[in-house]
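A note on names: the letters A, B, ... follow the listed sequences, proteins ahead of strands, and every chain is numbered from 1. Here the structure is a predicted model, which is why all the values come from computation and not from measurement.
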2 protein chains.
Amino acid sequence: MTDRLDQQRIVHAAIEFIDQKGLHALTMRRLGAFLGVEAMALYRYVPSREDLLDGVVDAVLDALHHDPEVHLHAEHGWQDYLQRLAHGIRRIALDHPAVFPLVATRPPAAPWIRPPLRSLRWLESFFTVLEGAGFSDDGAVRAYRAYTTFLLGHLLLEVSHRGPMTDDEDDDGDDEAPAAGPSDMGLENYPHLRALESLLDQDESVAEFEEALESLLDRLEMRVRRRGRRGR
Amino acid sequence: MTDRLDQQRIVHAAIEFIDQKGLHALTMRRLGAFLGVEAMALYRYVPSREDLLDGVVDAVLDALHHDPEVHLHAEHGWQDYLQRLAHGIRRIALDHPAVFPLVATRPPAAPWIRPPLRSLRWLESFFTVLEGAGFSDDGAVRAYRAYTTFLLGHLLLEVSHRGPMTDDEDDDGDDEAPAAGPSDMGLENYPHLRALESLLDQDESVAEFEEALESLLDRLEMRVRRRGRRGR
DNA sequence: ACCTGAACACCGTTCAAGT
DNA sequence: ACCTGAACACCGTTCAAGT
């Protein structure tokens, strides 16, 4: 029925599986069944579940390399580049909301690799662009840290709203707790929260992403202009 | 030998256990042994492992309520308050680096609750202070989103450098891979990375935290001043 | 009232055995 | 060459039984 197994097929099946049923549902045995094979067959191609998860993270981020929107158009400058890169990573996060927490929290290969920018190739291109644009070494590294902090925080929070369904397995009946009303959870004693609830519930993530990203780039821009002050 | 069991004792033992051996090592059976009891005894006080983890997150954040540095000194204004709150949460993250990823990624009780600010009590106080300081509803909510984004991203990245040892279990021998040199991992083809490696390796998290926090507060300040422009 | 032992269904992983 | 079956050590969780 199914074609032959290989590492790529397994990793991509794992991604599909996680996107559909959530990370917590992924077991070697279920992934085997998903592929029409016994779990034990996977071990021909993948050394362990942990390595499989690393493979999933790498494969998901690999899409960046094939994203035409991100490819360097040097003429538009470093801000354009950081914008494209950020949007490319955001697209990945939104495509695989259930995988992104893995991208965010798997221990990176080296301590100075900061998710969600997890590959040496992208780091190299990041620094190439910034130094080409006149950033000092120190300025480029500080930009890298601020940029990754923002991406990680924003995307993790944005994506957590979009898990694969309510996570309560199969919803196999009418035994849900009464839940005390649509969106009530003891707000009686928190007047500000009650007043702000509808505002809090709105999804403004696109606008916030653009705005915060722009403001970050502005901050970095100011640092390039007065650069050297702190350069060693 | 040990005192009697109760939920508090179990949750705090779990925190200690995670801090010592890492999240991945926490199983009901091992936690039982840690407490001098069979795993099954825990189920008298804790409905499930998932609930235990929720309890861990709550308990760790509860320290904020007893942190004298954070308690409201209204006379010093909203910026002082957000500074104290941020530093309080940072202290918690650094005290429990192996627990913080849980704080960051456990699905919150409501979709508008954004880690690491996970309790209605702190949200209420956050909004009380900001609205008292003249923020519009919209401005306060946007401040909340930007503030949590920053805290989550920064602390998750800062804390990931400080896991509980190398995570390779017991280090039970000399069978470590040769590792090809102290800090080498194929950097040959990445000249910028090689040049920046020593800078990248430096830990500047304190300075970056202060600086980025201050810049965030400045940005918010600018928004209060021209407030109303976007208030619906 | 509180803990234990035995049991169940499920894991990750190994390895000899089948085709 | 590639997959399977059986097995091992370990999970979370339930429940009748012990003290």
[atom1] of [X] versus [atom2] of [N]: gap in Å, rounded?
X	N	atom1	atom2	value
A/Asp6	D/dA1	CG	P	17 Å
B/Leu31	D/dC10	CG	P	17 Å
A/Leu53	C/dC11	CG	C1'	14 Å
A/Leu52	C/dC11	CG	C1'	15 Å
B/Arg4	C/dA1	CZ	P	12 Å
A/His24	C/dC10	NE2	P	14 Å
A/Glu50	C/dG12	CD	P	10 Å
A/Leu23	C/dC11	CG	P	14 Å

*More 5' along DNA chain D: A/Arg44 or A/Arg29, using each one's nearest nucleotide?*
A/Arg44
*asked:* Whether A/Tyr45 contacts D/dC3 is assessed here as follows: a side-chain N or O lying under 4.0 Å from the phosphate OP1 or OP2. Is that the case?
replied: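 Yes, because at least one side-chain N or O of A/Tyr45 sits under 4.0 Å from OP1 or OP2 of D/dC3.
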*Do the side-chain N or O atoms of B/Arg30 get closer than 4.0 angstrom to the phosphate oxygens (OP1, OP2) of D/dC10?*
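Looking at the OP1 and OP2 atoms of D/dC10, neither is under 4.0 Å from any side-chain N or O of B/Arg30.
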*Check the side chains of A/Thr149 and B/His154 for a donor-acceptor pair under 3.5 angstrom, ignoring hydrogens and angles.*
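Judged by distance alone, the side chains do not pair up.
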Is the shortest side-chain N to carboxylate O distance from [X] to [Y] below 4.0 Å?
X	Y	value
A/Glu188	A/Arg194	no
A/Glu38	A/Arg29	no
B/Arg142	A/Glu211	yes

*So which one's nearest nucleotide on DNA chain C is more toward 5', A/Met40 or B/Glu38?*
B/Glu38
*When B/Phe127 is tested against each of B/Trp122, B/Tyr147, B/Tyr144 for ring pair (Phe, Tyr, Trp, His ring centres under 6.0 Å), which residue passes?*
B/Tyr144
*Given C/dG12, C/dC3, D/dT14, which nucleotide is nearest the side-chain atoms of B/Tyr43?*
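From the listed options, D/dT14 comes nearest.
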_Return the pairing partner of D/dC11 with a 3.5 Å limit on both distances, Watson-Crick or G-U wobble; otherwise return none._
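Across any shown strand, D/dC11 pairs with none.
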*Could you tell me which nucleotide pairs with D/dT4 by Watson-Crick or G-U wobble geometry, both distances under 3.5 Å, or answer none if nothing does?*
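The base-pairing partner of D/dT4, which may sit in any strand shown, is C/dA16.
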